[in-house]
Amino acid sequence: MTEPTVQRLFIALWPDPMVRHHLVELQNDLPPNNGQRVKGDNLHMTLLFLGATTAAQRECLEQRLDHIAAAPFTLVLTELGYWRKPQVVWVGGENPPTLLSLARQMRDAATQCKFTIDRRPFQNYLTLYRKMKPKQPILPAMIAPIVWNVRDYALVESLTEVMGVHYRVLRTWPLQETRVT
Ligand code: 2AM
């Protein structure tokens with residue numbers, strides 16, 4: 001299948017089936033509300049949102065992602081939060097240094113490939129619900145920590161389909177402390 005010339009892309013940590021299962025359980029445990037639940041298959045943590053991407057930019061970025069050096073790490077998701085404006089319920093945790101380094105390397109790679117990148121600092125969160133009503137949902141103060149052994153990262157396409165948004169993983173890269181340059 002030929003790819004369209006401009007794709008809507010982002011780089012993400014894509015949960016393995018066990019972590020995805022725990023995330024879906026967490027969604028199930030939240031108080032029922034009229035929010036839009038993120039489909040289980042779509043759950044992910046964005047490292048960098050790229051937006052509209054030309055074929056040349058994608059090629060440039062993929063080449064640079066081949067050279068990213070970061071060791072596998074463990075992410076422990078312990079915290080639930082709510083952002084009032086987008087009415088988003090999220091889960092997140094502390095930032096391991098490798099995660100921050102990875103996000104920084106992604107940003108540098110994207111800048112070199114002429115992406116216009118949001119200057120706001122990286123935030124570790126994974127959206128569980130959007131448009132959550134009432135405007136301030138009552139969330140449990142504590143959750144059972146979700147331990148995520150992060151082994152790779154993914155280039156993902158955001159597709160708008162009849163059934164809603166669908167995220168398609170285009171390619172993954174294993175985390176490696178050293179890369180052959
Ligand atoms: P969100 O879950 O907070 O909406 C694909 O859209 C992914 O990129 C989502 O995880 C989304 O985060 C994130 N993202 C970050 N900045 C974005 C932007 N400016 N527009 C759309 N999605 C963005």
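None of the values given here were measured: they were computed from a predicted structure. In this chain, residues are counted from 1 in sequence order. Atoms within each ligand, like the ligands themselves, are counted from 1 in listed order.
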Output a table of donor-acceptor pairs, distance under 3.5 Å, between side-chain atoms of residues 73-83 and any protein atom two or more places apart or on a different chain; print 'none' if there are none.
from, atom 1, to, atom 2, distance (Å)
T74, OG1, N149, OD1, 2.9
Y82, OH, M132, O, 3.3
Y82, OH, K135, O, 2.4

Quick one: do the [X] and [Y] side chains pair a donor with an acceptor below 3.5 Å?
{"X": "Q87", "Y": "R130", "answer": "no"}
{"X": "W173", "Y": "D66", "answer": "yes"}
{"X": "R20", "Y": "N42", "answer": "no"}

- Task: Could you label the plane-to-plane angle of the F10 and Y167 rings as parallel, tilted or perpendicular, counting under 30° as parallel and over 60° as perpendicular?
- Result: perpendicular

- Would a distance-only check, ignoring hydrogens and angles, find a side-chain to backbone donor-acceptor pair under 3.5 Å from R107 to D118? yes

- Message: Show me, by chain and number, every protein residue that has a heavy-atom distance under 4.0 Å to ligand 1.
- Response: R8, F10, H44, T46, F49, Y125, T127, R130, Y167

